[in-house]
Structures are given as structure tokens and as C-alpha cells.
Amino acid sequence: FDVEEIVREEMEKVAPLIGGKAVELRLEREAMLELHAPSRVFSVLFGNLLRNACNYTERGLITVTIRHNSVLISDTGIGMSADELARVFEPFFRAGDRQKEGQGIGLSIVRRLSERYGWPVRLESEPGRGTTATISFPSVA
């Protein structure tokens, strides 16, 4: 499947999460990326990361960048401390504003899918500046 197609579908789904906020959702395609796997797996993994970006960004920009062997989701949200970042993939752990909707299982699902399909997910974050999630596809030439 063409990754951009799934990315666009997921971006449409999250539009209500940023409605009413001063947030721009942007797609930058630097390369065409095709994956040979169930598209639903990528949809769930990517969708969880994108929803988190939308939920924790009140103003600014969320950028999805498609590269030849990775997809990045960068936001200008609340960010996370090093302690939060170290625990973020634990089931039921919720960083930042615990009043936000959700059960704290999305990133544990992301971790399980990424490990099962060999698509490492790396999170980089800084409090008050935002977070970047990178999904890598090492088997893509």
C-alpha cells in the first residue's frame, strides 16, 4: 500500500480533535513510500501517534513527513520530560495532562505493533516545545 493514502485518511479522522484550536495539520511528502504489510496495522500504529499529537497540541503545528524509509509526526505540543519519555510505552501510563481523554494504552499498542512488524518507533520530546515520533521501516530499500 501507499503510505500517503493511509496518512491522509488518518489526518481526516483527527480533524475534529484540532477543530477550534489554533493548530495547523500539515503533510510533507519527501518521497514515495510503499509498505508490504497489512495497511490496517500501519493505520492503527500511525493513528495512535497522530491522535496523541492532536490531543496534546493546543496551538502551533503538527507536521507529518513521509520519507523514503520513515514517517515523522512532529508537534508543538506540551512535550514530555525525560522521566515521562522513559515510561511512555508502559500500559496505562499517561504523561502530561491526565485530564485528557484516553486510557493510556495507545502507545503500548504502538510498541507491540512496531516490535511485531520490525518498525521501530522513536520518540524525542522536550517539555514546552513538543514531540517528534519517528516510525522507521528498515526493510525498505
Side-chain angles (χ1 to χ4, degrees), residues 1-82 84-141:
F1 65 93
D2 180 359
V3 168
E4 183 178 355
E5 184 178 318
I6 303 302
V7 164
R8 288 187 183 280
E9 288 174 11
E10 291 300 318
M11 289 174 77
E12 285 178 27
K13 289 180 190 176
V14 300
L17 296 176
I18 58 171
K21 295 197 252 184
V23 175
E24 179 187 349
L25 185 56
R26 182 184 298 162
L27 173 60
E28 296 179 355
R29 181 177 145 187
E30 296 178 1
M32 183 172 177
L33 176 58
E34 287 187 350
L35 296 175
H36 299 283
S39 62
R40 183 73 183 130
V41 172
F42 176 75
S43 177
V44 169
L45 193 152
F46 173 78
N48 270 298
L49 293 168
L50 185 60
R51 277 190 301 283
N52 280 352
C54 293
N55 284 332
Y56 291 97
T57 303
E58 293 302 318
R59 68 177 53 85
L61 182 62
I62 299 169
T63 305
V64 177
T65 306
I66 301 172
R67 295 187 173 157
H68 81 280
N69 64 353
S70 63
V71 174
L72 285 71
I73 304 157
S74 299
D75 66 56
T76 56
I78 63 171
M80 293 178 278
S81 69
E84 290 172 318
L85 206 50
R87 296 189 58 207
V88 78
F89 289 108
E90 294 176 12
F92 309 110
F93 177 78
R94 300 193 55 210
D97 183 356
R98 287 159 183 85
Q99 302 303 312
K100 298 283 185 189
E101 288 186 35
Q103 302 298 316
I105 60 171
L107 288 179
S108 66
I109 292 169
V110 164
R111 170 57 49 95
R112 282 200 319 259
L113 290 174
S114 74
E115 288 173 353
R116 180 165 185 183
Y117 284 86
W119 300 339
V121 174
R122 184 179 77 246
L123 296 178
E124 299 171 85
S125 192
E126 188 176 332
R129 292 189 162 262
T131 301
T132 297
T134 303
I135 310 166
S136 298
F137 307 101
S139 62
V140 176

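Below, all heavy atoms of this structure are taken into account, side chains as well, without hydrogens, waters or symmetry copies. Residues take their numbers from the sequence shown, with the count starting at 1.
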For G118 versus P138, what's the shortest heavy-atom pair and its separation?
O-CD, 3.3 Å
What distance do I18 atom CD1 and M11 atom CE have between them, rounded to the nearest 0.5 Å?
8.0 Å
Does anything in residues 71-80 form a salt bridge (charged side-chain N to carboxylate O under 4.0 Å, His left out)? List the pairs, not counting sequence neighbours.
none
Minimal heavy-atom distance between L123 and A133, with the atoms involved, is CD2-CB, 3.3 Å
Side chain of K13, backbone of R51: donor and acceptor closer than 3.5 Å?
no
Please confirm whether the backbone N or O of I135 pairs with a side-chain atom of S70, one donor and one acceptor, at under 3.5 Å?
no
Looking at every non-hydrogen atom in both residues, tell me the closest pair between S74 and T132 and how far apart they are.
OG-OG1, 3.1 Å
Check: F137 and L33 side chains under 4.5 Å, non-hydrogen atoms
yes
Could you please spell out the steps behind the side-chain contact (heavy atoms from CB on, under 4.5 Å) verdict for I62 and C54?
CA-CA 7 Å; I62 299 169; C54 293; 3.8 Å; yes
Validation row: V7, L50 side chains within 4.5 angstrom (heavy atoms)
no
Nearest-0.5 Å distance that lies between atom CD in E24 and atom CZ in R59
15.5 Å
So, the side chain of R111 versus the backbone of L107: is there a donor-acceptor pair under 3.5 Å, distance only?
no
Partner of V71 under side chain to side chain contact (heavy atoms under 4.5 Å, CB included), picked from V3, T65, I6, is V3
Nearest heavy-atom contact between S125 and G130 is OG-O, 3.2 Å
According to the salt bridge (charged side-chain N to carboxylate O under 4.0 Å, His left out) rule, which pairs have a member within residues 62-74, sequence neighbours left out?
E30-R67
Is there side-chain contact between F46 and V64, with at least one heavy-atom pair below 4.5 Å?
yes
Looking at R29, I'd like to know if its CZ atom is crowded, meaning that more than 12 non-hydrogen atoms belonging to other residues, nucleotides or ligands lie closer than 6.0 Å.
yes
Taking C-beta and beyond as the side chain, do L45 and S114 meet within less than 4.5 Å on heavy atoms?
yes
Determine whether E4 and L27 make a side-chain contact, defined as any pair of heavy atoms from C-beta on separated by less than 4.5 Å.
yes
With a 3.5 Å cut-off and sequence neighbours excluded, list the donor-acceptor pairs that the side chains of residues 37-44 form with protein atoms.
| unit_1 | atom_1 | unit_2 | atom_2 | d |
| --- | --- | --- | --- | --- |
| S43 | OG | E10 | OE2 | 2.6 |

Residues T63 and E28: closest non-hydrogen pair is CG2-CD, 3.8 Å
So, taking the atom named NZ in K21 and the one named OG1 in T57, what distance separates them when rounded to the nearest 0.5 Å?
6.5 Å
For G106 and N48 the tightest heavy-atom approach is CA-OD1, 3.4 Å
